[in-house]
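Here the structure is laid out as structure tokens; the discussion comes afterwards.
Only a predicted model underlies this, so the values are computations on that prediction, with no experimental measurement involved. Residues take their numbers from the sequence shown, with the count starting at 1.
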Amino acid sequence: MGHEFLEATLDRFSQFFIAPLFLADCTDRELRAVDSEHKKNLQSDTWRLFQLDKSLSNPAYPYNSFGTGNLTSLKEEPTSKGLDVRQAFMEFHDTYYSSNLMKLVVLGREPLDQLQEWVVAKFKDIKNKNLKPPEFEGSPYTKKELQVLMAHAPTHF
């Protein structure tokens with residue numbers, strides 16, 4: 001996509017936050033896209049190192065257990081428990097998406113004033129629910145976790 005489409009792209013992107021559709025017939029397709037991305041990551045050394053780092057972090061801290069979703073975790077398990085995945089997505093969006101917690105970076109060829117004008121115009125309608133940023137007790141790395149040594153062996157000779 002060329003730089004000339006940046007403004008239109010910003011407009012489309014902003015709508016994900018302002019008025020997400022959450023179309024019932026698209027939920028399965030989106031879940032399969034996430035699953036595909038997850039499967040692609042399984043062969044990525046960078047992703048594997050990220051997973052290793054998380055697994056060596058403090059088990060009591062959320063960083064240790066958060067990962068990417070797959071079809072099993074995002075659809076099959078919730079459905080087997082009687083949960084409506086689409087409804088859960090909508091509730092999550094309604095509860096946690098607030099402009100005061102969001103950040104946006106835009107890089108373009110246009111002058112800064114033009115980029116700022118576009119961003120303000122496109123994103124000003126995202127609701128500000130004045131949510132407090134999430135806080136987590138503790139740290140992802142305690143003294144115990146910081147004493148673990150990780151070594152990465154070269155994969156090519």
Side-chain angles (χ1 to χ4, degrees), residues 1-3 5-6 8-109 115 119 122-123 126 129 131-157:
M1 193 174 344
H3 68 90
F5 300 108
L6 178 59
T9 300
L10 288 171
D11 188 43
R12 281 191 301 279
F13 182 59
S14 68
Q15 293 306 308
F16 288 117
F17 305 101
I18 297 167
L21 298 177
F22 292 113
L23 299 174
D25 58 342
C26 294
T27 302
D28 194 55
R29 183 183 64 203
E30 291 300 320
L31 292 172
R32 292 189 185 285
V34 170
D35 186 62
S36 177
E37 181 80 11
H38 173 75
K39 287 176 181 171
K40 175 190 69 73
N41 286 339
L42 294 175
Q43 299 305 313
S44 163
D45 286 342
T46 302
W47 188 81
R48 292 163 119 176
L49 285 171
F50 172 60
Q51 294 300 107
L52 177 61
D53 181 56
K54 288 185 341 152
S55 73
L56 295 173
S57 69
N58 179 359
Y61 200 78
Y63 176 71
N64 178 274
S65 59
F66 181 79
T68 59
N70 59 32
L71 208 53
T72 301
S73 68
L74 295 173
K75 181 180 179 184
E76 295 166 6
E77 289 175 4
T79 301
S80 73
K81 295 175 183 173
L83 297 173
D84 180 337
V85 174
R86 179 176 171 265
Q87 184 63 36
F89 287 155
M90 292 188 300
E91 289 170 10
F92 184 89
H93 182 275
D94 190 51
T95 302
Y96 296 106
Y97 278 62
S98 179
S99 64
N100 71 299
L101 298 179
M102 297 177 170
K103 308 284 186 242
L104 176 68
V105 175
V106 176
L107 178 64
R109 295 180 178 183
L115 294 172
V119 167
K122 310 290 185 217
F123 291 87
I126 297 175
K129 301 171 186 174
L131 298 178
K132 291 183 180 180
E135 294 182 17
F136 304 100
E137 290 185 28
S139 172
Y141 301 102
T142 66
K143 186 175 180 179
K144 177 184 173 190
E145 288 83 30
L146 291 173
Q147 293 179 7
V148 173
L149 179 62
M150 245 186 350
H152 182 285
T155 55
H156 297 86
F157 296 96

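Here CG of Asp11 is found 9.5 Å from OG1 of Thr9. Values are rounded to the nearest 0.5 Å. For the atom pair Phe50 CZ and Asp45 CG, the distance stands at 15.0 Å (nearest 0.5 Å). Between the CD atom in Gln87 and the CG atom in Asp94 there is a gap of 9.5 Å [rounded to 0.5 Å]. From Leu31, atom CG reaches atom NE2 of His38 across 13.5 Å, with rounding to the nearest 0.5 Å. Interatomic distance, NZ of Lys132 versus CG of Asn100, reported as 11.5 Å (0.5 Å rounding). Here the straight-line distance linking atom CG of Asn70 with atom CG of Asn41 works out to 11.5 Å at 0.5 Å rounding.
Contact detail for Leu107 and Leu6: the closest heavy-atom pair is O-CD2, 4.2 Å. Closest non-hydrogen pair, Phe16 versus His93, comes out as O-NE2, 3.8 Å. The two residues Val85 and Pro78 make their nearest non-hydrogen contact at CG2-CB, 3.9 Å. Summarising the geometry of Val106 relative to Leu115, their closest heavy-atom pair is CG1-CD2, 4.1 Å, with the distance given to 0.1 Å. Minimum heavy-atom separation, Ile126 to Phe17: CD1-CB, 3.7 Å.
The salt bridge (Lys or Arg N to Asp or Glu O under 4.0 Å) test applied to Glu37 returns Lys40, not counting sequence neighbours.
Within the 3.5 Å criterion, the main-chain N or O of Thr142 finds a donor-acceptor partner in the side chain of Glu145. A donor-acceptor pair is defined here as one N or O able to donate and one able to accept, closer than 3.5 Å; no such pair exists between the side chain of Ser36 and the backbone of Ala33.
When side chains are defined from C-beta on, Ile18 counts as touching Gln15, because their heavy atoms get closer than 4.5 Å. Annotation: side chain of Glu30 is not in contact with side chain of Phe89 (no heavy-atom distance under 4.5 Å). Put simply, the side chain of Asp28 reaches to within 4.5 Å of the side chain of Lys75, judged on heavy atoms. Using a 4.5 Å cut-off on side-chain heavy atoms (C-beta onward), Trp47 and Leu42 make contact. In this structure the side chain of Tyr141 never reaches within 4.5 angstrom of the side chain of Tyr61, judged on heavy atoms. A heavy-atom distance below 4.5 Å is not found between the side chains of Asp35 and Leu74. Two residues are said to be in side-chain contact when any heavy atoms from C-beta on lie closer than 4.5 Å; Leu101 and Tyr96 fail this criterion. The shortest distance between side-chain heavy atoms of Asn58 and Tyr63 does not fall below 4.5 Å.
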CA sep, side-chain torsions, deciding dist, call: Phe13, Leu104, side-chain contact (heavy atoms from CB on, under 4.5 Å): CA-CA 11 Å; Phe13 182 59; Leu104 176 68; 4.1 Å; yes

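Within a 6.0 Å radius of NZ in Lys129, other residues, nucleotides and ligands contribute more than 12 heavy atoms.
Between the side chains of Glu76 and Thr79, not a single donor N or O lies within less than 3.5 Å of an accepting N or O.
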